[in-house]
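A quick write-up on the structure given underneath.
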Amino acid sequence: MKPFKSHKGLIATLDRSNVDTDQIIPKQFLKSIARTGFGEALFYDWRYLPDKKPNPDFVLNAPRFKGASILVARNNFGCGSSREHAVWAIQQYGFHAVIAPWVERGETKIPAFADIFRNNAGKNALLTIELSESEVEEIFQMVERFPGLEATVNLEHQRVTLHLAEEISFHFDMDPAVKDRLINGLDDIGLTLKKDAEIRAFESRHTAQL
Amino acid sequence: MAKTLFEKVWEKHIVTTLSDGTSLLYIDRHLIHEVTSPQAFEGLRLTGRKVRRPELTFATMDHNIPTEGRFDIEDPISKTQIEALEQNCREFGVRLYDLKSSQQGIVHIIGPELGLTLPGTTIVCGDSHTSTHGAFGSFALGIGTSEVEHVLATQCLLQKKPKTFKVEFTGRLKPPVSSKDMILKLIGMIGTAGGTGYVLEYRGEAIRSLSMEARMTICNMSIEAGARAGMIAPDETTFQYIAEGNRPFAPKEAAFEKSVAFWKTLPSDPDAKYDRVLTIDASSVAPQVTWGTNPGMVMDVTGCIPEPDKVPGYSRKDVENALEYMGLKPGTPMTEIKVDTVFIGSCTNARIEDLRLAADYFKRGKTANSVKVLVVPGSQQVKKQAEAEGLDKIFKQAGCEWRESGCSMCLGMNPDQLKPGERSASTSNRNFEGRQGKGGRTHLVSPQMAAAAAIAGRFVDIRTWKI
């Protein structure tokens with residue numbers, strides 16, 4: 001896996017919550033046996049009109065978001081199907097990071113990203129950044145006010161910085177295990193295979209239990 | 001220390017815990033299908049790795065296959081994917097239940113049928129509805145393709161320990177209200193992200209009185225609440241299901257007795273602690289129908305389409321987007337909404353009991369004019385059983401189409417799709433935009449509610465409606 005340390009790029013905002021993986025990459029594109037070629041199909045049903053021309057009403061088709069590489073959306077991004085194609089499509093379109101808010105409902109804190117999507121993103125060095133609702137709202141407003149707004153997402157320092165005349169910067173939390181793997185571009189399978197002796201020992205006692 | 005069902009299964013499968021707190025979890029059963037596995041096998045080839053335990057890996061084809069003329073796949077891309085699975089299984093020595101097999105079916109339906117799904121085991125599959133298998137007291141979760149490759153190569157999965165969430169269903173369900181209504185009700189209450197980061201454990205009198213089929217429907221949709229997995233403690237109902245029928249991979253005789261003794265140790269200890277607890281009175285649950293574009297947008301069949309600013313947990317814009325897509329006006333009673341298509345099938349509701357419940361309606365009434373009804377058994381074994389009971393004749397005489405087993409219109413990867421603007425009553429699990437076909441409008445319901453909608457041509461309250 002390619003290491004991820006820091007990325008600077010144009011922000012695009014998608015003002016939707018519960019963006020599901022069926023929407024990110026519709027089923028007809030899951031028939032491919034390759035890992036590439038999904039960027040064109042990202043958000044297909046929203047992005048294209050029935051005659052396959054770009055839908056001018058879809059926000060990512062707006063000229064101001066052309067070349068964007070940091071996507072900002074609302075809560076529960078990536079819910080639904082486990083298809084890793086969703087992560088591949090987002091990356092192959094050109095995004096390096098997705099930012100979404102966790103929200104508070106009563107006493108519970110609802111994570112910004114669906115579980116399987118966040119896992120899949122981590123395995124592909126697509127950075128998923130959780131901020132508070134008010135921080136994400138601020139990014140939405142700044143993008144409206146300052147067209148062409150760029151940001152830097154720095155994994156090492158766990159910060160998102162908006163490049164305004166007066167910079168605004170937010171700290172984000174990150175699981176240290178995921179951070180370590182991303183920064184060093186570690187191969188999970190290679191690391192696990194180094195534990196072969198432990199796996200063998202487990203297998204010899206576990207089979208008996210079943 | 002008192003432990004929950006989940007903690008007991010989790011601890012039994014830890015190979016090692018890394019210094020960063022991630023555990024290497026051993027996987028007892030790895031289920032594979034054509035859509036999420038080709039890139040994983042390709043990864044093995046590129047790195048010269050093997051499948052570590054091919055005898056614990058089981059493959060079938062279910063997602064993109066046609067449900068009529070199944071041996072003549074017209075779509076060349078679908079065909080390539082099916083052939084890739086055949087080739088990969090041959091090359092890596094993985095057992096495959098292909099289209100010719102009498103045991104082929106939707107991966108989450110055949111696991112339990114074959115006796116692969118057993119209490120206290122860990123099960124993964126590159127499919128989010130793997131949570132289904134938790135109905136047996138296994139820890140079963142959906143994974144992505146990179147993780148599929150990881151499990152193929154190592155038989156292990158890297159996991160952070162999830163939190164636990166007890167969902168207690170008190171009282172008794174009042175038929176014809178079903179377990180589908182229980183799970184939809186829960187998702188409506190906690191939202192589609194309300195379970196994110198948790199393993200749900202369903203408990204209580206209402207759960208104990210459910211059949212295995214009905215329990216599987218509940219665990220199946222745990223992922224629609226965002227949960228890592230859903231689990232139900234094994235009991236006599238579980239043991240009986242495993243013992244009966246032809247389940248080649250289930251333990252037999254002395255081995256079965258020994259297993260039962262172990263399985264009886266799995267239920268959560270009485271004073272086990274959970275991170276979160278919720279209690280729902282099952283006797284008060286009404287038939288549920290979704291009105292929006294995710295499974296949390298759901299209501300009692302007796303309700304009306306909500307006003308955009310009156311839905312807790314959703315912004316006005318979320319609701320407006322959903323209603324626009326669904327073509328619905330606030331204030332419309334659910335029972336005035338007409339359907340064009342009815343889909344009875346999917347890993348949520350295509351087991352034999354589901355088909356019996358639906359057939360009971362079609363015995364008494366024919367499908368309404370212009371309503372297209374697709375009945376898709378979950379597996380070849382379900383199909384055979386249904387035909388032995390004459391259910392296929394009941395469906396066909398009532399005007400339904402009786403198909404071959406597969407995922408079908410649940411996700412519309414095969415030719416079974418809604419047309420733009422078509423409205424369906426569906427026993428499946430997701431009402432996302434475009435899921436059943438671009439522009440298609442899906443309402444999730446139970447098999448009984450779907451059958452009644454097929455006959456009435458609109459949604460009805462099956463508690464009071466007469467055919």
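In what follows, chains carry the letters A, B, and so on, assigned in the order in which the sequence lines appear, proteins first and then strands, with residues in each chain numbered from 1.
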Looking only at Ala34(A), Cys79(A), Pro26(A), Pro176(A), the option with the highest number of non-hydrogen pairs under 4.5 Å against chain B is Ala34(A)
Check whether Glu198(A) gets within reach of chain B through its side chain, its backbone, both or neither, counting any heavy atom under 4.5 Å.
both
Between Asp15(A) and chain B, which part of the residue has a heavy atom less than 4.5 Å away: side chain, backbone, both or neither?
both
Is Asp188(A) in contact with chain B via its backbone, its side chain, both, or neither, using a 4.5 Å heavy-atom distance?
both
Is Arg181(A) positioned over the aromatic face of Phe4(A), cation under 6.0 angstrom from the ring centre and no more than 45 degrees off axis?
no
Can a salt bridge be assigned to the pair Arg52(B) and Asp196(A) using a cut-off of 4.0 Å between side-chain N and carboxylate O?
yes
Looking at Phe117(A), Tyr44(A), Trp88(A), which has the largest count of heavy-atom pairs under 4.5 Å with chain B?
Trp88(A)
Under 4.5 Å, counting heavy-atom pairs only, tell me which of Thr21(A), Asp115(A), Asp180(A) racks up the most with chain B.
Asp115(A)
Could you check which of Asp45(A), Asn124(A), Leu191(A) has the highest count of heavy-atom pairs closer than 4.5 Å to chain B?
Asp45(A)
Test: Asp187(A) and Arg49(B) ion pair at under 4.0 Å
yes
Under a 3.5 Å distance rule, please check whether Arg29(B) uses its side chain to pair with a backbone N or O of Leu116(B) as donor and acceptor.
yes
salt_bridge(Arg35(A), Glu42(B)) N-O dist < 4.0 Å
no
Give a yes or no on whether a salt bridge exists between Lys317(B) and Glu320(B), defined as a side-chain N under 4.0 angstrom from a carboxylate O.
no
